[in-house]
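Here is the structure we will look at, set down as C-alpha cells.
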Amino acid sequence: MKIYDRQGQEIIVDQSQNNLLKLLYSHVLGRCALKVLTLPFITHIGGMYMNSSLSKHKIASFIEHNHIDMSQYVKQDYHSYNDFFTRKIIPEKRPIEMQEDRLIAPADSKLTYYPIREDTHLLIKDSLYSLSDLLQDETLAKEYHGGDCLIFRLTVDDYHRYCFIDDGDLEGEHYIPGKFHTVNPIANDYYPIYKQNARSYSLLHTKNFDDVIYMEVGAMMVGKIVNHPIKSFKKGEEKGYFEFGGSTIVVLFKKGIVQLDQDIIENSKTHHETRVLMGEKIGVKQKSMC
C-alpha cells in the first residue's frame, strides 16, 4: 500500500513500525505476545504510563524522528507523553472549508474510499468485513446499502483530534467493546481488526449530508476514545480525540449523498491511500436529480 498527497506525489514513510508489526503478527511467538498485548487491562496500564511524567522523555525524540513541525501547534509545557500526543493545533493551520456543499476530512489521516455493495461487505486489505458485524446492527447496516464508506487511518505522527463534518444533531451513540489490535494495515493480513477492535459510533443527523454514521476505532495502546458531550454541533467543531496510538475513523454515507474527489477514488481503486488534512475538501454533496 502506498500513500499519495493531493498533488499525486507519493509520500515515503518510515517502514520500521510496519516491519515490527509484521514480525508480531506473522510468527507464532509474536501472536502469543499479542494475546497479552491486546488485552484491555494491558492497554490501560500503557495508558497510565503515557499519562505520567515518566513518559515525558519520549517527546523530544518522537518529534525529531517523525519530523513534526511544532510551529503548527499551540505552545505549552507538556506534563506527559499523552499531554503532547493530544496537543492542539493552531486553528489557522487547519482552515475549515465552510461552503455548505463541500465534504471535509474530519482528521489528519490517510484516506481510503469503499463503495458499500448490496452484499453489505467491505473489502479492507484483502479481508471481507460485514457492515452489520462492524455496527453490530443488521437493520442499521441495510440503510447504508449502496452508499459510501470512508476510512481515515491516523498514525502516531498525525494530529489526533477530529471534528464534525457538517452542522447537525447527535441522534444516538453506541460503544462496542473489543480487543485492541493495531489499525496498521499489516495487522489486517492476520486478524479482521476493524471487527475486533473496540469502537464507538455516533448517529449524526446532518444539515447537508443526511444521516451519517461516524465511528472511532481504538487501537493497540489506545486506552481511550474521548468524545465531547455535544448534542448539537457545527461544521469543523471538535468532536473528540484519541489518546496515544494509531487510530481510525470510519464515516458512512447513504446512497446518493456524496461525490468523492476523483483523486481519492482513483487511489482507492488501486488500494492506495490519500493523505488528507482536517478541514480540507474531499468531496461534494451530490445534486438532486429532481
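Values below: all heavy atoms of this structure, side chains included; hydrogens, waters and symmetry mates excluded.
For Asn208, the side chain to side chain contact (heavy atoms under 4.5 Å, CB included) partners at least two apart in sequence or on another chain are Glu100, Asp166, Lys285.
Ile249 and Pro106 make their closest contact through CG2-CG, 4.4 Å (heavy atoms, listed as atom of the first residue, atom of the second, distance). Shortest non-hydrogen contact noted between Ile104 and Ile165 is O-CG2, 3.6 Å.
A salt bridge does not link Arg94 with Glu280: none of the charged nitrogens is closer than 4.0 Å to a carboxylate oxygen. The pair Arg102-Glu97 meets the salt-bridge criterion, since a charged nitrogen lies less than 4.0 angstrom from a carboxylate oxygen. Classification of Arg153 and Asp158 as a salt-bridged pair fails, no side-chain N sitting under 4.0 Å from a carboxylate O. A salt bridge links Asp211 with Lys254: at least one charged nitrogen is closer than 4.0 Å to a carboxylate oxygen. A salt bridge does not link Lys234 to Glu237: none of the charged nitrogens lies less than 4.0 Å from a carboxylate oxygen.
For the 3.5 Å distance criterion, the side chains of Asn51 and Ser80 fail to qualify, holding no donor opposite an acceptor. Between the side chains of Thr155 and Lys110, at least one donor N or O sits under 3.5 Å from an acceptor N or O. Side-chain contact annotation: Glu216 with Asn227, donor-acceptor N/O pair under 3.5 Å present. Side chain to side chain, Ser202 and Lys239 meet the donor-acceptor criterion of an N or O pair below 3.5 Å.
Criterion: ILVMFWY side-chain heavy atoms under 4.5 Å apart, direct or through other members. Under it, Ile282 and Tyr4 are not part of a common hydrophobic cluster.
A heavy-atom distance below 4.5 Å is found between the side chains of Phe152 and Val276.
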**Request:** Test Arg6 against Asp263 for salt bridge (charged side-chain N to carboxylate O under 4.0 Å, His left out), laying out the working first.
**Result:** CA-CA 7 Å; Arg6 299 307 300 273; Asp263 63 319; 2.7 Å; yes
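Taking the six-membered ring where the residue is Trp, Tyr214 and Tyr162 present tilted rings, their angle falling between 30° and 60°.
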